[in-house]
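Everything below concerns the one structure shown next.
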Amino acid sequence: MRSALILAMLMLGGCGRTLTVCADPNNMPFSNRRGEGLENKLAQLVARDIGAELRTVWWSQRRGWLRNTLGEGRCQAWMGVPSSLEAVATTRPYYRSTYVFVTRAGAGLAGLTLDDPRLRDLDIGVQLAGDDGANPPPADALARRRLTERVRGYMLYGDPRDADSASAIVGDVARGEIDVALVWGPPAAWHAARSPVPLRLEPVTPWMDAGRWPMVFDISVGVARDDPELRREIDKSLVRNRAAVARIVQQYRVPLAPGG
């Protein structure tokens with residue numbers, strides 16, 4: 001309550017309206033303190049469009065990040081949350097992406113699927129959330145197929161000092177430490193574009209595994225549930241600026257899934 005009151009005072013005082021967003025200070029290609037990420041650019045666009053000054057609260061996207069930010073009134077919005085996230089109100093999606101298989105371009109591993117028999121003979125990298133968190137869908141899909149013997153786990157949240165949590169897993173594919181990695185599309189594409197070794201990215205299929213684990217997600221802006229007016233306003237801004245938003249997404253090489 002106290003945090004919400006302080007935020008309201010900041011919004012009403014000083015030089016007029018303020019849009020306060022939370023963002024990770026070191027999580028490219030999404031955000032960083034220098035404002036270079038996709039979500040930084042989107043927040044700047046929306047704030048400018050609705051006539052607000054942008055204020056950023058920096059918060060590492062680790063366990064409890066939503067509860068400790070939007071839930072505590074520290075900010076009004078998070079850019080780049082799954083549209084299906086129930087803890088917050090979400091805007092209309094502004095892109096749809098997919099988990100991807102990352103392999104070395106010259107490794108002869110084109111066309112992989114979750115049911116490909118070649119996977120049993122490969123060293124596979126997958127991101128894990130740890131004992132007290134829900135693992136990403138690819139980890140559950142591999143476990144269901146009993147493909148865990150040659151799986152190497154990489155912590156989803158990584159080291160806060162790293163540029164983002166996908167750097168190690170994509171880097172290990174490039175170095176030949178593992179044969180294939182299953183990684184969320186935007187960071188996979190970001191690192192693949194910077195790899196000294198050519199890498200191949202292909203969507204993980206089937207896109208819905210066993211009716212429970214989707215590999216494709218719509219991405220929205222998350223807003224506190226008690227602020228429906230702001231959600232509607234950001235929705236309208238995303239519609240008005242649809243072309244500019246699409247250019248931002250394209251700039252960061254986000255792999256788009258059908259419908260995105």
Side-chain angles (χ1 to χ4, degrees), residues 1-95 129 133 155-166 184 186-187 190 217 219-238 241 244-245 248-249 252:
M1 180 63 71
R2 183 180 178 187
S3 297
L5 179 60
I6 293 172
L7 176 59
M9 292 171 64
L10 285 168
M11 291 173 59
L12 292 173
C15 57
R17 184 180 184 190
T18 300
L19 175 65
T20 304
V21 303
C22 284
D24 194 307
N26 199 21
N27 190 29
M28 290 297 285
F30 303 111
S31 60
N32 67 11
R33 286 188 183 273
R34 294 186 294 276
E36 297 170 332
L38 187 162
E39 292 166 10
N40 297 129
K41 303 301 182 187
L42 180 65
Q44 294 161 15
L45 173 66
V46 170
R48 191 165 54 245
D49 182 64
I50 67 175
E53 179 182 351
L54 179 64
R55 174 176 175 263
T56 303
V57 174
W58 300 110
W59 197 279
S60 293
Q61 228 167 328
R62 302 295 185 260
R63 294 185 185 89
W65 56 277
L66 272 178
R67 180 182 66 252
N68 292 321
T69 54
L70 282 177
E72 294 292 332
R74 288 186 167 90
C75 55
Q76 299 166 282
W78 265 98
M79 306 289 134
V81 304
S83 303
S84 57
L85 195 63
E86 296 181 353
V88 297
T90 55
T91 66
R92 67 187 64 225
Y94 55 91
Y95 72 83
M155 291 309 296
L156 177 64
Y157 299 106
D159 187 327
R161 296 168 297 182
D162 291 339
D164 74 86
S165 61
W184 178 234
W190 172 262
F217 288 88
I219 300 300
S220 299
V221 179
V223 180
R225 284 194 170 277
D226 61 359
D227 199 349
E229 181 55 38
L230 179 61
R231 185 190 64 79
R232 286 191 291 269
E233 192 171 12
I234 294 176
D235 255 338
K236 292 176 182 177
S237 178
L238 293 174
N241 296 281
V245 172
I248 293 172
V249 172
Y252 290 89

Gap separating the [atom1] atom of [X] from the [atom2] atom of [Y], nearest 0.5 angstrom:
X: Gln61; Y: Phe30; atom1: CD; atom2: CZ; result: 8.0 Å
X: Tyr95; Y: Phe217; atom1: OH; atom2: CZ; result: 12.0 Å
X: Leu45; Y: Asn40; atom1: CG; atom2: CG; result: 12.5 Å
X: Asp226; Y: Arg231; atom1: CG; atom2: CZ; result: 13.0 Å

Considering only heavy atoms from C-beta outward, does the side chain of [X] approach that of [Y] to under 4.5 Å?
X: Leu19; Y: Val46; answer: yes
X: Cys75; Y: Trp59; answer: no
X: Thr18; Y: Leu54; answer: no
X: Tyr94; Y: Ile248; answer: no
X: Pro29; Y: Leu38; answer: no

Just to verify, what does [X] make a side-chain contact (heavy atoms from CB on, under 4.5 Å) with, not counting sequence neighbours?
X: Pro25; answer: Arg33, Trp58, Ser60
X: Glu36; answer: Met28, Asn32, Arg34
X: Asp49; answer: Ser237, Arg240, Asn241
X: Asp227; answer: Gln76, Val223, Glu229, Leu230

Original post:
Please walk me through it: do Thr90 and Val221 pass side-chain contact (heavy atoms from CB on, under 4.5 Å)?
Top reply: CA-CA 6 Å; Thr90 55; Val221 179; over 6 Å; no
Test item: [X] side-chain N/O and [Y] main-chain N/O as donor-acceptor pair under 3.5 Å:
X: Tyr252; Y: Glu39; result: no
X: Lys41; Y: Ser31; result: no
X: Arg74; Y: Asn68; result: yes

Please list, one pair per line, the donor and acceptor atoms closer than 3.5 Å that link side chains of residues 81-89 to other protein atoms, with sequence neighbours excluded.
residue	atom	partner	partner atom	Å
Ser83	OG	Asp218	O	3.2
Ser83	OG	Ser220	OG	2.5

**OP:** Before giving the answer on side-chain contact (heavy atoms from CB on, under 4.5 Å), spell out for Arg17 and Ile50 the whole-Å C-alpha distance, their side-chain angles and the decisive distance to 0.1 Å.
**Re:** CA-CA 9 Å; Arg17 184 180 184 190; Ile50 67 175; 3.8 Å; yes
Original post:
What is the minimum heavy-atom distance between Thr56 and Ala23, and which atoms define it?
Top reply: CG2-CB, 4.0 Å
**OP:** Go through the structure and list residues passing side chain to side chain donor-acceptor pair (under 3.5 Å) with Arg48, not counting sequence neighbours.
**Re:**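 Per chain and number, Arg48 pairs via side chain to side chain donor-acceptor pair (under 3.5 Å) with no residue.
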**OP:** Report the residues that fulfil side chain to side chain donor-acceptor pair (under 3.5 Å) with Thr69, sequence neighbours left out, ordered by chain and then residue number.
**Re:**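 If we apply the side chain to side chain donor-acceptor pair (under 3.5 Å) test to Thr69, skipping adjacent residues, the hits are Trp78.
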**OP:** Could you list the residues that satisfy salt bridge (Lys or Arg N to Asp or Glu O under 4.0 Å) with Arg92, not counting sequence neighbours?
**Re:** Asp235
